[in-house]
Amino acid sequence: MRRVIIKDIGEKKDILTAPFVLEMERTTANMYRLGWDERNGGNVSYLLDEREVREYLDLNRVIRTMPTGFKATELIGKIFIVTGTGKYFKNVQSDPEANLGIIRIGKDGETAELLWGYKDGGKFTSELPAHLMSHAARLRVDPENRVVIHSHPTYTLAMNYVHELDERKFTHTLWQMCTECIVVFPDGVGVLPWMLCGTNEIGEATAKKMEEFRLVIWGMHGIYGAGKTMDETFGLIETVEKAAQIYMLTAHLPRVNLIKDADMVALAEAFQVKYRRDFLDLDEA
Ligand code: 13P
Ligand code: ZN
């Protein structure tokens, strides 16, 4: 028996080489370098496959437990790698064990069991309610959803101050800014008004929007994205940010050319995406 335990521990691979840790490092580094996530701005959570985590960690060893402040019954037993609260994205790559944590939602649905990380006594992001509630909402719509990213991309945020915070109008303007937009996020962008961050209330409101959208604007704060992979989720936010950049670079200039709504229909149909037709101004009377 003893020999088996030693063998099991001996066989664990180095967590710092795990693809999911490296993906978190690369993503946060990119977000920092793009200027989206100043200081400790932004947070990332990634639903992991238990079998994959088992290759690196002893899942019976809980370092400590932390209350989450809400009940996530649908996520009991699920394991996430999550950025730490107050941690700077610029530092994740050089010290992943202090800036990231791997948590499992305990049997009561209200406790996070720390399996690795937050080594300086830290804890998960203050936006855990919005992350976990969004994971639960997206998993109901798409069982393959794995990633939730929150960020403060510069132009998206700038656009929040000069454009109406209406999800139909906001989506429509973004779609007009780049040809690919309606193909990349045909489901559009949900918009929430300014709300107090870090609360269960903003978490619940975000998750409600996530039933319908993979992208949710937090008015005058930032954006949430959800997707199956890190690339998909990052790419969604990146595409919104690009469109918002074009908008901010041109909003004060006379508009000479325009991607028409009929062009967007042609795009959506050519790429066979299910798009929010009600977000377009089509003459269909
Ligand atoms: P955390 O440092 O708690 O992740 O918060 C950053 C943030 O962006 C709050 O909305
Ligand atoms: Zn934020």
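- Side-chain contact check for S94 and N91: no donor-acceptor pair (N or O, by modelled atom type) lies under 3.5 Å.
- Checked by atom type and distance alone, the side chain of E110 never pairs as donor or acceptor with a backbone atom of K71 at under 3.5 Å.
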### Task
Please step through side-chain contact (heavy atoms from CB on, under 4.5 Å) for the pair I105 and T111, ending with a clear verdict.
CA-CA 6 Å; I105 306 305; T111 307; over 6 Å; no
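- Of the charged side-chain nitrogens involved, at least one lies within less than 4.0 Å of a carboxylate oxygen, so that K87 and D120 count as a salt-bridged pair.
- With contacts defined as side-chain heavy-atom distances shorter than 4.5 Å, the pair I202/L196 does not qualify.
- Atom OG of residue S151 and atom CZ of residue F89 lie 7.0 Å apart, to the nearest 0.5 angstrom.
- Follow the hydrophobic side-chain contacts under 4.5 Å out from W218 and you never reach Y161; the two are in separate clusters.
- In this structure the side chain of R276 never reaches within 4.5 angstrom of the side chain of I182, judged on heavy atoms.
- When atom types are taken as modelled, the side chain of K208 and the backbone of A137 share no donor-acceptor pair closer than 3.5 angstrom.
- Here the side chains of I237 and I149 are in contact, with some heavy-atom distance below 4.5 Å.
- I223 is not listed as a side-chain neighbour of V216, based on a closest heavy-atom distance of 4.5 Å or more.
- For residues 90-145, the pairs satisfying ring-ring contact (aromatic ring centres under 6.0 Å, His included) are F80-H135, H131-Y224, with sequence neighbours left out.
- Taking OG1 of T239 as the start and CZ of F234 as the end, the distance is 10.0 Å to the nearest 0.5 Å.
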### Query
Can M159 and L174 be said to form a side-chain contact (heavy atoms from CB on, under 4.5 Å), step by step?
CA-CA 10 Å; M159 188 171 160; L174 292 173; 3.8 Å; yes
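- From I15, atom CD1 reaches atom CD of E55 across 10.0 Å, with rounding to the nearest 0.5 Å.
- Follow the hydrophobic side-chain contacts under 4.5 Å out from F271 and you reach I259 in the same cluster.
- Summarising the geometry, atom NZ belonging to K260 is positioned 13.5 Å from atom CG belonging to L282; distances are rounded to the nearest 0.5 Å.
- Side-chain contact between L267 and V273 is absent, with no heavy-atom pair separated by less than 4.5 Å.
- For F170, the ring pair (Phe, Tyr, Trp, His ring centres under 6.0 Å) partners two or more places apart in sequence, or in a different chain, are H163.
- For D261 (side chain) and D281 (main-chain N/O), a donor-acceptor pair under 3.5 Å exists by modelled atom type.
- Here the rule is side-chain hydrogen bond (donor to acceptor under 3.5 Å, both in side chains) with T156, and of E241, Q245, K242 only E241 fits it.
- Proximity of the aromatic rings of W36 and Y155 is defined here by a centroid distance below 6.0 angstrom, and this criterion is not met.
- A salt bridge links R214 and D187; the closest N-O separation between the charged side-chain nitrogens and carboxylate oxygens is under 4.0 Å.
- Considering all non-hydrogen atoms of both residues, Y46 and E23 come closest at OH-OE1, 2.9 Å.
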### Message
Working note: K228 + R146, criterion side-chain contact (heavy atoms from CB on, under 4.5 Å); need CA distance, chi angles, decisive distance, verdict.
### Response
CA-CA 5 Å; K228 295 183 198 357; R146 290 283 173 276; 5.7 Å; no
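- Looking only at distances, a side-chain donor or acceptor of T233 sits under 3.5 Å from a matching main-chain atom of G227.
- Separation of atoms CD (Q93) and OG1 (T28) is listed at 6.5 Å; rounding is to 0.5 Å.
- One finds a salt bridge joining K209 and E167 here, because a Lys/Arg side-chain nitrogen approaches an Asp/Glu carboxylate oxygen to under 4.0 Å.
- Side chain of T250 to main chain of L253: no donor-acceptor pair is present (N/O by atom type, distance under 3.5 Å, no hydrogens or angles).
- Contact detail for P96 and V21: the closest heavy-atom pair is CB-CG1, 4.3 Å.
- Here the closest heavy-atom approach between residue A243 and residue C181 is recorded as CB-SG, 3.6 Å.
- Using modelled atom types, one side-chain atom of R168 and one backbone atom of L280 make a donor-acceptor pair closer than 3.5 Å.
- With contacts defined as side-chain heavy-atom distances shorter than 4.5 Å, the pair V82/M24 does not qualify.
- For the atom pair CG (N160) and CG (L165), the distance works out to 5.0 Å, reported to the nearest 0.5 Å.
- Here the side chain of D142 pairs no donor or acceptor atom with the backbone of R138 at under 3.5 angstrom.
- Linking Ile, Leu, Val, Met, Phe, Trp and Tyr residues whenever their side-chain heavy atoms come within less than 4.5 Å leaves I76 and V62 in two separate clusters.
- The heavy-atom pair separating T206 from S134 by the smallest distance is CG2-OG, 3.6 Å.
- A salt bridge is absent between E97 and K119: the closest approach of a Lys/Arg side-chain nitrogen to an acidic carboxylate oxygen does not fall below 4.0 angstrom.
- Within the 4.5 Å cutoff, no side-chain heavy atoms of K12 are placed close to those of Y56.
- The aromatic rings of H221 and H152 stand perpendicular to each other, their planes meeting at an angle above 60°, with 30° marking the opposite boundary.
- In terms of modelled atom types and a separation under 3.5 Å, the side chain of T83 and the main chain of V44 share a donor-acceptor contact.
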### Task
Quick one: do K90 and R39 satisfy side-chain contact (heavy atoms from CB on, under 4.5 Å)? Show the steps, please.
CA-CA 8 Å; K90 74 182 175 68; R39 200 175 182 274; over 6 Å; no
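- For the pair I81/I103, no side-chain contact is recorded, criterion being any heavy-atom separation below 4.5 Å from C-beta on.
- L115 and L132 are not part of a single hydrophobic cluster, where members link through side-chain heavy atoms under 4.5 Å apart.
- G122 approaches M66 most closely through the heavy-atom pair O-SD, 4.3 Å.
- Note: the hydrophobic cluster containing M210 does not contain L47 (ILVMFWY, side chain heavy atoms under 4.5 Å, direct or indirect links).
- Surrounding CZ of R64 are more than 12 heavy atoms belonging to other residues, nucleotides or ligands, all under 6.0 Å away.
- Salt-bridge annotation for R54 and E50: present, with a side-chain N of the basic residue lying under 4.0 Å from a carboxylate O of the acidic one.
- The minimum heavy-atom distance between A226 and L236, with the atom names listed, is O-CD1, 3.4 Å.
- Applying the ring pair (Phe, Tyr, Trp, His ring centres under 6.0 Å) test to Y88 and every residue at least two apart in sequence or in another chain returns nothing.
- Heavy-atom neighbours of R140 CZ from other residues, nucleotides or ligands within 6.0 Å: above the threshold of 12.
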